[in-house]
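The analysis underlying the following values was restricted to heavy atoms, covering all of them including side chains, and did not include hydrogens, waters or symmetry mates.
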Amino acid sequence: MSAERAAPLIWDTIERYFALLQAHVPAERMRAEILTDDFRTGFVNGLIWQGDEGLRDFLEARAEFFDESHVVEQLSRPERLPNGRWRAHTRLEFFLRQRLEGSPVSETFTGKAFHVWEFAPMPTLVDPPGDDPSGDDPLGDQPPGDEPSDGGWRVAAQLVEGFAALDENARRLFAQPSAGLNLDEL
């Protein structure tokens with residue numbers, strides 16, 4: 001598969017990931033619908049959450065954000081890795097809103113984040129080229145059986161590489177990547 005063909009599948013996978021993340025679905029649903037079993041997230045050269053417990057800890061750490069959006073502004077050219085997975089980098093704009101218990105107002109966190117992602121295409125079971133039993137593909141143009149299906153990709157890693165244009169709240173939240181999200185400091 002070419003990088004040009006992989007790019008729209010990767011965009012779709014990122015959109016599905018953020019739709020579930022922003023809906024605050026349970027870890028089990030995230031794993032069932034969009035994540036690989038070895039999914040990891042966190043900060044390059046900082047705290048990494050991985051495994052079932054790590055995923056639950058990550059989702060719990062960000063559970064107090066009740067209103068959020070992530071808009072991907074740029075996707076690098078995807079790169080196929082030797083293990084068959086794909087890597088891509090993104091720049092996105094984020095908005096998070098939090099209201100602490102007892103507070104009459106909410107606080108917002110805004111900025112840009114740079115991520116490195118790893119994606120795992122899920123194989124499909126299609127007939128090899130030229131072997132279409134229906135006869136609908138007389139030229140043998142169907143993809144081979146190891147091609148990933150549209151929408152069948154999963155996120156194996158989402159790691160923050162850096163930030164830009166952070167407001168004061170976001171600057172405090174992400175001040176110590178080795179500690180994860182600094183919600184206790186807010």
Minimum-distance pair of heavy atoms, taken over all atoms of [X] and [Y]:
{"X": "Ala27", "Y": "Arg56", "answer": "CB-CG, 3.8 Å"}
{"X": "Met30", "Y": "Tyr17", "answer": "CE-CE1, 3.7 Å"}
{"X": "Phe95", "Y": "Thr110", "answer": "CD1-CG2, 3.7 Å"}
{"X": "Trp153", "Y": "Ile34", "answer": "O-CD1, 4.1 Å"}
{"X": "Ile10", "Y": "Pro78", "answer": "CD1-CB, 3.6 Å"}
{"X": "Ala3", "Y": "Arg77", "answer": "CB-NH1, 2.7 Å"}

Would you please name every residue forming a ring-ring contact (aromatic ring centres under 6.0 Å, His included) with Phe43, sequence neighbours left out?
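Expected list: none.
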Partners passing ring-ring contact (aromatic ring centres under 6.0 Å, His included) against Phe39 (at least two apart in sequence or in another chain):
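Scan of Phe39 (ring-ring contact (aromatic ring centres under 6.0 Å, His included), adjacent residues dropped) gives none.
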Side-chain heavy-atom pair [X], [Y] within 4.5 angstrom cut-off:
{"X": "Val44", "Y": "Val160", "answer": "no"}
{"X": "Thr13", "Y": "Arg154", "answer": "no"}
{"X": "Lys112", "Y": "Leu92", "answer": "no"}
{"X": "Trp11", "Y": "Val72", "answer": "yes"}
{"X": "Met1", "Y": "Leu9", "answer": "yes"}
{"X": "Leu21", "Y": "Leu59", "answer": "yes"}
{"X": "Glu28", "Y": "Leu55", "answer": "no"}
{"X": "His115", "Y": "Arg91", "answer": "no"}

Tell me if a side-chain donor or acceptor on Gln22 pairs with a main-chain N or O of His70 at a distance below 3.5 Å.
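Yes, Gln22 side chain to His70 backbone: donor-acceptor pair under 3.5 Å.
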Does any N or O in the side chain of His24 come within less than 3.5 Å of the main-chain N or O of Glu64, such that one atom is a donor and the other an acceptor?
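Such a contact is absent between His24 side chain and Glu64 backbone.
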Asn45 CG: over 12 foreign heavy atoms closer than 6.0 Å:
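Counting other residues, nucleotides and ligands, CG of Asn45 stays at 12 neighbours or fewer.
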Do we see a donor-acceptor contact under 3.5 Å between the side chains of Ser106 and Arg97?
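Indeed, the side chains of Ser106 and Arg97 share at least one donor-acceptor pair under 3.5 Å.
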Counterpart residues, salt bridge (charged side-chain N to carboxylate O under 4.0 Å, His left out), relative to Arg40 (two or more places apart)
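Residues passing salt bridge (charged side-chain N to carboxylate O under 4.0 Å, His left out) with Arg40: Glu118.
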Checking Glu161 now: which residues fulfil salt bridge (charged side-chain N to carboxylate O under 4.0 Å, His left out) with it, not counting sequence neighbours?
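Per chain and number, Glu161 pairs via salt bridge (charged side-chain N to carboxylate O under 4.0 Å, His left out) with no residue.
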Arg29: which residues meet the side chain to side chain donor-acceptor pair (under 3.5 Å) condition with it, sequence neighbours left out?
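In terms of side chain to side chain donor-acceptor pair (under 3.5 Å), with neighbours along the sequence ignored, Arg29 is linked to Glu33.
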Roughly how far apart are Arg87 CZ and His89 NE2, rounded to 0.5 Å?
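So the CZ of Arg87 and the NE2 of His89 are separated by 6.0 Å.
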What distance separates Asp67 CG from Leu96 CG, expressed to the nearest 0.5 Å?
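So the CG of Asp67 and the CG of Leu96 are separated by 9.0 Å.
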Throw together a table of side-chain donor-acceptor distances under 3.5 angstrom for residues 47-54, partners on residues two or more places apart or in other chains.
{"residue": "Asp52", "atom": "OD1", "partner": "Arg31", "partner atom": "NE", "Å": "2.7"}
{"residue": "Asp52", "atom": "OD1", "partner": "Arg31", "partner atom": "NH2", "Å": "3.1"}

Common cluster, [X]/[Y], ILVMFWY with side-chain heavy-atom separation under 4.5 Å:
{"X": "Phe119", "Y": "Leu20", "result": "yes"}
{"X": "Phe163", "Y": "Leu159", "result": "no"}
{"X": "Val25", "Y": "Phe58", "result": "yes"}

Aromatic centroids of Phe94 and Phe109 separated by under 6.0 Å
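Not under 6.0 Å, so no.
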Using the ring pair (Phe, Tyr, Trp, His ring centres under 6.0 Å) rule, take Phe18 and Trp117 through it: C-alpha gap first, then chi angles, then the decisive distance, then the call.
CA-CA 13 Å; Phe18 279 127; Trp117 298 78; 5.8 Å; yes
Would you call Asp38-Arg85 a salt bridge at under 4.0 Å N-O?
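Looking at Asp38 and Arg85, the cut-off is met.
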In plain terms, say whether Arg171 and Asp167 are close enough for a salt bridge, that is, a side-chain N and a carboxylate O under 4.0 Å apart.
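Between Asp167 and Arg171 there is no salt bridge, as every charged N stays at least 4.0 Å from the carboxylate O atoms.
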